[in-house]
Amino acid sequence: MAEYNPQEIEAKWQARWERDKAFDADMPAAEARTTQKSERGKYYVLEMLPYPSGTLHMGHMRNYAIGDTVARYRRMRGHNVIHPMGWDAFGLPAENAAIKNQTHPRDWTNKNIAEFKSVLHRFGFSYDWRREISTCEPEYYRWNQWFFLQMLERGLAYRKKSRVNWCPRCATVLANEQVVNGRCWRHEDTIVETREIEQWFFKITAYADELVEALNDLEGVWPDRVIAMQRNWIGKSRGARVRFQIADASGQSIEVFTTRIDTIYGAAAIILAAAHPLVDSLMAGSEAQKKNGALLEKMRRASAKAEDVATAEKDGFFTGRYAINPFSGEKLPIWVGNFVLMEYGTGAIMAVPAHDERDFEFCSKYQIPIPTVIVPQTDTKPSARAASGDSRETGDFTAIHEAFIDYGRLVNSGPYSGLTSEEALAKMTADAESRGFGKEETTYRLRDWGISRQRYWGTPIPVVYCPTHEMVPVPVDQLPVVLPPNPKLTGMGESPLAATPEFVNTTCPKCGGPARRETDTMDTFVDSSWYFLRYLSPHDAKEPFARAAANYWFPVDQYIGGITHAILHLLYARFFCKVLRDIGLLQQAEPFARLFTQGMVLKGGTAMSKSKGNVVGALDMAEKYGADTGRLYTLFAAPPEKDIEWSEASVEGAARYLRRVFALIERHSAEAKSAHGTNLEVSSLKEKERALLRKTHQTLRRVSHDFETRWHFNSAIALTMELVNEIHAAEPLERSVRPEVIREVLELLTLMLAPMIPHLAEEMWEMLGHSGGLMAARWPDYRAELAADEMVEVVAQINGRVRAKMTVEAGLAEEELVARAKAEPRVASELAGKHVVKSIVVRDKLVNFVVR
RNA sequence: GCGGAAGUGGCGGAACUGGCAGACGCGCAGGACUUAGGAUCCUGUGGCUGAGAGGCCGUGGGGGUUCAAAUCCCUCCUUCCGCACCA
């Protein structure tokens with residue numbers, strides 16, 4: 001008897017697939033696209049493209065195993081599946097490795113790509129390798145440059161000064177990931193500074209509203225948390241902009257943004273961000289300036305890091321000036337506060353301490369009055385809190401212990417008193433507008449996307465700077481702007497391209513005079529914002545992607561990747577597609593029809609990563625157990641969206657199952673092959689045959705359901721294990737089961753396993769007498785008459801407790817079930833002398849007697 | 001604080017629209033075959049209790065709805081993830 005030899009089997013079938021070009025995906029000819037009716041049309045399955053670094057470990061592998069299972073299943077379902085793979089090849093690690101090892105980032109990257117690729121081949125993933133792309137190739141990144149120019153032309157790319165991390169020792173800009181605890185990664189003793197330099201931005205905020213609104217359509221097809229995270233990130237909030245005149249300042253005013261204009265009669269102060277442009281002029285020459293100048297400077301220098309900001313104590317000072325509340329006419333002191341952000345809203349707020357926690361904290365600290373203007377709606381009489389609330393009258397600043405931030409009913413609000421918050425929001429916004437001191441406004445947290453990187457290993461930004469014409473875009477026909485082959489990479493001093501004269505020095509496209517190239521490169525997220533379109537015509541030299549190909553293949557039907565990219569990558573890609581639609585290149589603006597975020601593979605409680613030293617190499621796995629075992633283990637360990645903790649023992653279990661399945665096919669292949677005909681009439685079946693076929697078709701029904709709806713491959717695999725166990729238990733089969741039945745059972749088992757363990761399934765298929773290979777095979781439909789239960793187990797309960805189990809004919813009438821249940825000895829004895837209040841019958845399931 | 005997800009045996013996890021909780025696998029225990037086995041096969045395996053048939057308890061805690069709750073409702077607790085002074 002032959003043993004299961006995965007190495008041999010896997011090599012054999014991988015060679016066969018390659019020979020047969022089994023995974024090449026092509027568009028049908030134009031006319032076939034409309035007439036084709038037997039098949040189900042295209043299906044684009046995509047796993048997030050990897051950054052080739054370190055070793056390809058089982059965490060990566062799990063991702064691809066899930067994608068490959070889906071791709072293979074869809075092929076079996078008759079879809080024209082496109083399943084491409086490529087490399088996110090630009091990036092900082094390549095540049096760092098190059099500096100460290102005195103090599104070129106390209107060499108390091110290509111070496112890693114070759115390694116990754118060989119591992120993916122070893123696992124037999126069904127990619128169309130003709131479509132492979134690498135983002136560091138000029139044929140690819142020239143289109144990044146082309147998109148940039150398109151955006152520049154439309155005002156969607158612009159330059160402005162912005163903060164970067166700066167290490168004074170390296171004299172260079174640091175990426176966020178190179179800043180560790182506020183210090184340089186290379187110089188632990190050196191505190192990172194911030195510097196303002198000119199940088200390029202993509203105006204993603206122009207699409208903020210569409211980006212947030214279109215999320216509604218992704219409900220149910222994208223994971224909830226990803227949608228929630230994107231909503232949160234975009235941070236849409238509706239409110240109003242209100243202008244407060246500055247007292248004694250001849251027409252000068254301060255604008256604030258508020259979502260709670262209904263609380264405006266409770267405003268106790270205006271608070272400005274330290275960076276607010278009016279701060280200096282308001283205080284010029286005043287007593288307040290002398291007193292608070294130092295504090296102001298300190299606030300302006302304070303760290304902008306989120307953790308620091310969130311934990312910093314509220315701090316501020318009075319500017320000595322006042323503003324007029326346009327609704328009440330009241331004079332409000334103008335303060336400067338460290339918790340007011342210049343970047344959000346208008347950089348100024350109205351402080352309503354009674355109804356906002358932050359304002360409450362600030363005003364309590366500085367003894368600013370806390371007037372109550374909203375009371376809970378349920379209060380019929382003024383609440384104790386409201387009654388004692390107005391500190392302007394009582395002079396008591398301690399009477400209120402916390403802010404009441406909910407909507408409610410207005411009090412002490414002039415003509416608006418008595419309205420609900422909802423009513424007041426609408427009415428007061430409208431009044432502010434008609435009276436000319438405010439208007440409805442929607443703000444977003446989302447900021448524009450800074451794409452400049454002071455790095456070598458990225459896409460050069462295609463503009464030049466000319467002394468006479470200033471910034472000049474590189475004409476499209478001069479693309480690509482190619483990276484110089486031999487940069488000086490030191491990681492110190494100015495950015496690498498700036499130190500490469502043959503790159504920097506150029507001529508102005510307008511006047512031909514000497515000019516300097518832009519020396520920043522693009523954020524690598526630009527590369528990954530449209531790569532899924534490049535796969536569709538990867539070698540196109542005339543355009544980024546062929547329109548016809550996009551019309552056919554786009555959007556991605558199923559995108560699969562890690563939750564780590566829930567915000568940035570997925571948001572940028574959505575943004576890009578909207579721009580591409582507006583340029584006229586796409587008809588559809590949402591790139592990913594369905595998104596699946598798979599769980600991580602942990603070892604020792606943390607995600608596998610080279611730096612933590614807890615990786616299990618995919619190649620090692622394949623060499624020791626085989627690719628199919630590796631795949632089966634990662635699919636079986638948990639549902640694909642959950643994290644799994646690496647367990648070598650469970651890998652052994654997966655290997656054991658495959659050996660068992662292989663041996664099963666081996667034992668019966670001769671009989672199966674001897675079968676003639678396929679007609680399996682229910683009436684002609686012997687008891688044992690009927691039982692086996694029933695189990696098989698029931699398994700098929702449930703496995704199909706798992707594949708189709710929830711992707712719970714773990715339960716699908718468990719179901720096939722049950723089937724295998726049942727076949728085992730029925731052995732020996734030779735005398736009691738006809739070859740036709742054996743063949744049917746084993747074929748269906750093979751087909752069910754095929755998407756998950758493709759090599760072994762091919763081998764099994766061949767052992768069962770098929771020469772065509774599984775690529776031509778279709779996912780089978782279960783036969784209802786074979787899956788049907790003839791006898792079912794029905795439970796007899798008394799007051800919800802199981803008292804007997806009966807095996808009865810399926811579909812028995814309710815009265816008959818009650819009669820049979822009552823006939824059960826245990827039921828009969830317990831019911832004796834008791835009054836049955838009620839009998840509940842669930843057909844084919846249970847009978848429950850309620851007794852007193 | 002806000003938002004999202006999740007709490008089921010020793011472990012990973014099953015249980016479709018409320019209907020026998022613990023499928024399947026790992027681990028463990030016992031056995032068979034074997035020179036041997038970390039190969040293979042068989043049996044057992046939630047807890048307590050009982051000689052046994054069986055009984056009682058049991059899906060994070062508490063309460064509720066129901067003939068019936070892991071599943072629905074209320075409430076509390078815990079864990080993980082994301083955002084975090086966003087006006």
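Letters A, B, ... mirror the listed sequences (proteins, then strands); counts begin at 1.
Here the separation of B/U17 from B/G10, taken at their C1' atoms, is 34 Å to the nearest Å. For B/G7 and B/G58, the C1' atoms lie 16 Å apart once the distance is rounded to whole Å.
Atom CD1 in A/Ile563 sits about 17 Å away from atom P in B/C80, given to the nearest Å. B/C80 atom P lies 13 Å from atom CG of A/Asp643, rounded to whole Å. For A/Trp711 and B/A14, the CH2 to C1' distance is 21 Å, given to the nearest whole Å. As a whole-Å value, the separation of A/Arg260 CZ from B/A87 C1' is 11 Å.
Using a 4.0 Å heavy-atom cutoff across all strands shown, A/Arg702 reaches no nucleic acid atom at all. Within 4.0 Å of A/Pro223, counting heavy atoms only, lies no atom of the nucleic acid at all. At a threshold of 4.0 angstrom between heavy atoms, the contacts of A/Glu793 include nucleobase atoms, whether or not backbone atoms are also involved. Within the 4.0 angstrom heavy-atom criterion, only backbone atoms of the sugar-phosphate kind lie near A/Ser237; the bases stay farther away. At the heavy-atom level, A/Val340 lies under 4.0 Å from base atoms of the strands shown. Counting any heavy atom pair closer than 4.0 Å across all strands shown, A/Arg801 reaches sugar-phosphate atoms only and no base atom.
By the 4.0 Å N-to-carboxylate-O rule, A/Glu816 lies close enough to A/Arg820 to be salt-bridged with it. Salt bridge annotation for A/Asp356-A/Arg260: absent, with no cationic side-chain nitrogen under 4.0 angstrom from a carboxylate oxygen. The pair A/Asp706-A/Arg710 meets the salt-bridge criterion, since a charged nitrogen lies less than 4.0 angstrom from a carboxylate oxygen. Salt-bridge annotation for A/Arg241 and A/Glu255: present, with a side-chain N of the basic residue lying under 4.0 Å from a carboxylate O of the acidic one. The existence of a salt bridge linking A/Lys624 and A/Glu648 is confirmed by a sub-4.0 Å separation between a basic side-chain nitrogen and an acidic carboxylate oxygen. Salt-bridge annotation for A/Lys236 and A/Glu213: present, with a side-chain N of the basic residue lying under 4.0 Å from a carboxylate O of the acidic one. Of the charged side-chain nitrogens involved, at least one lies within less than 4.0 Å of a carboxylate oxygen, so that A/Lys365 and A/Glu313 count as a salt-bridged pair. Salt bridge annotation for A/Glu793-A/Lys845: absent, with no cationic side-chain nitrogen under 4.0 angstrom from a carboxylate oxygen.
Among residues two or more places apart in sequence or in another chain, the ring pair (Phe, Tyr, Trp, His ring centres under 6.0 Å) test is passed with A/Tyr4 by A/Phe662. Partners of A/Gln7 according to the side chain to side chain donor-acceptor pair (under 3.5 Å) rule, which considers only residues two or more places apart in sequence or in another chain, are A/Arg122. Checked against side chain to side chain donor-acceptor pair (under 3.5 Å), A/His355 has no partners two or more places apart in sequence or in another chain. Residues passing the ring pair (Phe, Tyr, Trp, His ring centres under 6.0 Å) test with A/Phe592 are A/Phe532, A/Tyr559, sequence neighbours excluded. Residues satisfying the ring pair (Phe, Tyr, Trp, His ring centres under 6.0 Å) test with A/Tyr207, not counting sequence neighbours, are A/Phe575. Legend: residues meeting side chain to side chain contact (heavy atoms under 4.5 Å, CB included) with A/Pro223, ordered by chain and number and at least two apart, are A/Val226, A/Leu595, A/Thr597.
Consecutive Watson-Crick or G-U pairing (both distances under 3.5 Å) extending over three or more pairs maps onto RNA chain B as B:1-7 with B:77-83, B:10-12 with B:24-26, B:27-32 with B:40-45, B:46-49 with B:54-57, B:60-64 with B:72-76.
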Hey, can you pull the donor-acceptor pairs under 3.5 Å for the side chains in residues 834-843 of chain A, sequence neighbours left out?
{"unit_1": "A/Lys834", "atom_1": "NZ", "unit_2": "A/Glu830", "atom_2": "O", "d": "3.4"}
{"unit_1": "A/Arg843", "atom_1": "NE", "unit_2": "A/Leu812", "atom_2": "O", "d": "3.4"}

Mind listing the N/O atom pairs, protein and nucleotides 63-68 of chain B, below 3.5 Å?
{"unit_1": "B/C67", "atom_1": "OP1", "unit_2": "A/Lys838", "atom_2": "NZ", "d": "3.3"}
{"unit_1": "B/C67", "atom_1": "O2'", "unit_2": "A/Asn848", "atom_2": "ND2", "d": "3.4"}
{"unit_1": "B/C67", "atom_1": "O2", "unit_2": "A/Asn848", "atom_2": "ND2", "d": "2.6"}

Please enumerate all protein N or O atoms sitting under 3.5 Å from an N or O of nucleotides 22-31 of chain B, with distances to 0.1 Å.
{"unit_1": "B/A23", "atom_1": "O2'", "unit_2": "A/Glu722", "atom_2": "OE2", "d": "2.8"}
{"unit_1": "B/G25", "atom_1": "OP1", "unit_2": "A/Asn725", "atom_2": "ND2", "d": "3.3"}
{"unit_1": "B/C26", "atom_1": "OP1", "unit_2": "A/Arg656", "atom_2": "NH1", "d": "2.5"}

Distances for protein N/O vs nucleotides 46-54 of chain B N/O pairs under 3.5 angstrom?
none

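Put simply, the side chain of A/Asp359 gets close to the backbone of A/Val352: a donor and an acceptor are under 3.5 Å apart.
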Contact state string [nucleotides 1-11 of chain B, B base, S sugar-phosphate only, - no protein heavy atom under 4.0 Å]: --SSS------
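One finds no side-chain N or O of A/Arg241 lying less than 4.0 angstrom from the OP1 or OP2 phosphate oxygen of B/A87. Applying the 4.0 Å criterion to OP1 and OP2 of B/A14, one finds that A/Arg710 has every side-chain N and O outside that range.
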